[in-house]
Amino acid sequence: LEVAGDPVGFVVKDYVFYVVSNTEDGFCIQSIMHSDGGVASVYRTGDVTVASIGLDGTDLTLTDTDGKAYTVALGGTQ
C-alpha cells in the first residue's frame, strides 16, 4: 500500500483498513479491503491537518492541529 502524504494512523472496521494521512492540501483517508491484491482507493479528503484519529463505533474521529474534532461515517456513501 502506498500511502498518500505522511501517515497519521489507521483504523480497521468491517475488514476494511482506513489509513489517514496528511498531504500538502490537507488530509486524505484511503481505504483498502483486507484481501490478497487489495487496491487502496481514496475514501475522503479535506483541507485540515490531522493531528490524531480514533474510532467511535461506526465513525472515524479526526482531531486537527487546533484541537477541533471532525466525524467521518465509515462504510457509507456520505
Side-chain angles (χ1 to χ4, degrees):
L1 168 66
E2 187 170 326
V3 175
D6 298 318
V8 176
F10 73 92
V11 298
V12 178
K13 181 179 178 310
D14 297 332
Y15 305 104
V16 179
F17 288 93
Y18 295 92
V19 180
V20 179
S21 58
N22 288 313
T23 66
E24 291 180 4
D25 300 321
F27 72 86
C28 178
I29 302 172
Q30 293 174 283
S31 63
I32 184 170
M33 291 290 296
H34 179 67
S35 63
D36 289 336
V39 177
S41 62
V42 174
Y43 184 75
R44 189 78 40 86
T45 60
D47 60 0
V48 300
T49 300
V50 175
S52 64
I53 67 169
L55 185 61
D56 183 13
T58 60
D59 296 329
L60 175 64
T61 58
L62 308 174
T63 304
D64 71 13
T65 53
D66 293 327
K68 184 174 179 183
Y70 302 85
T71 301
V72 177
L74 296 179
T77 57
Q78 293 183 341

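- Shortest non-hydrogen contact noted between Ala73 and Arg44 is O-NH2, 4.4 Å.
- Interatomic distance, OG of Ser31 versus NZ of Lys13, reported as 12.5 Å (0.5 Å rounding).
- What you find for Val16 and Met33 is that their closest heavy atoms are CG2-SD, 3.4 Å.
- Annotation: side chain to side chain donor-acceptor pair (under 3.5 Å) contacts involving residues 49-72, sequence neighbours excluded, comprise Asp64-Tyr70.
- Taking the six-membered ring where tryptophan is involved, the planes of Tyr43 and Tyr18 are perpendicular, since the angle between them exceeds 60° and thus also 30°.
- The distance from atom CD1 of Ile29 to atom CG of Leu62, rounded to the nearest 0.5 Å, is 5.0 Å.
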Can you give the donor-acceptor pairs under 3.5 Å from side chains of residues 19-28 to other protein atoms, not counting sequence neighbours?
| unit_1 | atom_1 | unit_2 | atom_2 | d |
| --- | --- | --- | --- | --- |
| Ser21 | OG | Ala4 | O | 2.3 |
| Asn22 | OD1 | Val50 | N | 2.8 |
| Asn22 | ND2 | Val50 | O | 2.8 |
| Thr23 | OG1 | Asp25 | N | 3.3 |
| Thr23 | OG1 | Gly26 | N | 3.4 |
| Thr23 | OG1 | Gly26 | O | 3.2 |

